[in-house]
Protein chains: 2
Amino acid sequence: MPAELRPSQALRLWHDVTFDLVRSDQPDLSSRQQAVLLTVYLEPPPHTVRGLARKLNVTKPAITRALDTMGRLGLLTRRRDEADRRNVMVQRTLEGALAVERLGDTIVARHRKLPL
Amino acid sequence: MPAELRPSQALRLWHDVTFDLVRSDQPDLSSRQQAVLLTVYLEPPPHTVRGLARKLNVTKPAITRALDTMGRLGLLTRRRDEADRRNVMVQRTLEGALAVERLGDTIVARHRKLPL
DNA sequence: AGGGATCGTTTCGGAGCCGAATTGTTAGGC
DNA sequence: GCCTAACAATTCGGCTCCGAAACGATCCCT
């Protein structure tokens, strides 16, 4: 567990990172899309539409749309589950991994610059 | 400056907090709206539409709309600058301060629970 | 007083996202 | 073989947001 973080520092961190995300010209994702993307890249597979919808407490079409959008952006892919062809597996992509990695670096950098 | 934060921890933190924001039933703000809200509450006043637009690298109408939406939610208010009536000052509200405070608490709580 | 610059807001057409309901496909029990 | 259940995708009408452009109000300078 990292050292203590004060609320004012936490807010400053959130502000700075959000700020970087907004200012960057890469297409900005909604909170839901961010949550989906990070879940796929941080939690162990497999990830299905149903599972993501239940976990995030949103409807299935919302997940389908988020996957459409982020698929168009190349951040992840879909693949049918051959074992049970009703299921769709959400898979990672190289480009998505890079984007997530960039986000991690941004957070670390902003965290490092936090004032005492 | 807080202790070092590893990229994997940073991403986990971002995921967890975003997750909480998405799951909570309070209306979710876009990244831009979050950036505006946090700027107003963290940076010293005064805050004008023009200034926020320039700082966030977005157009003025985008700021106007963000203020409309968040004003409707009670998160902040507008007031004309009496010294120069062309300007609009963006002001904090009690409700907005509470929302920001809650966000800070969420981040701190999620940060505290990060695995080594 | 007049003219130009600087505000914030509004309008416009277009694009994205929302939940509810429906559809098509597949799996599994009888 | 059928019927139901489960899954993802699609459709639908409605809402929000987008940037570019136009607009009205205000200030400042001469």
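Being a predicted model, the structure only gives us computed values, none of them experimental. Excluded from the calculations below are hydrogen atoms, water molecules and symmetry mates; all remaining heavy atoms, backbone and side chain alike, are included. Order of the sequence lines sets the chain letters (A, B, ...), proteins ahead of strands, with each chain counted from 1.
Ranking D:dA8, D:dA20, C:dA20 by closeness to the B:Thr59 side chain, first place goes to D:dA20. Considering only the side chain of A:Arg85, C:dA27 comes nearest among C:dT9, D:dC7, C:dA27. Closest to the side chain of A:Arg80, from the set D:dA8, C:dT10, C:dG19, is D:dA8. For A:Arg86, the side-chain atoms get nearest to D:dA6 when compared with the rest of D:dG19, D:dA6, C:dA20.
Residue contacts for A:Glu82: at a heavy-atom cut-off of 4.0 Å it reaches no nucleic acid atom on any strand shown. As judged by a 4.0 angstrom heavy-atom cut-off over every strand, B:Ala66 is placed among residues making no nucleic acid contact. Nucleic acid contact for B:Ser30: none, since no nucleic acid atom lies under 4.0 Å from a heavy atom of the residue.
Put simply, CG on A:Asp84 is 12 Å from P on D:dA6, counting in whole angstrom units.
Side chain of B:Arg92 to main chain of B:Val40: a donor-acceptor pair is present (N/O by atom type, distance under 3.5 Å, no hydrogens or angles).
The hydrophobic cluster containing A:Leu73 also contains A:Leu67, counting ILVMFWY residues as joined when their side-chain heavy atoms lie under 4.5 angstrom apart, directly or transitively.
Of the inter-residue distances, the one linking A:Arg112 atom CZ with B:Leu5 atom CG reads 9.5 Å to the nearest 0.5 angstrom.
At C:dG16, none of the side-chain N or O atoms of A:Gln33 fall inside 4.0 Å of OP1 or OP2 (strictly under the cut-off). When the side-chain nitrogen and oxygen atoms of B:Arg32 are compared with OP1 and OP2 of D:dG19, one or more of them lie within a distance under 4.0 Å. When the side-chain nitrogen and oxygen atoms of A:Arg50 are compared with OP1 and OP2 of D:dC7, one or more of them lie within a distance under 4.0 Å.
Annotation for B:Arg78: atom CZ counts as buried by contact number, over 12 foreign heavy atoms lying within 6.0 Å.
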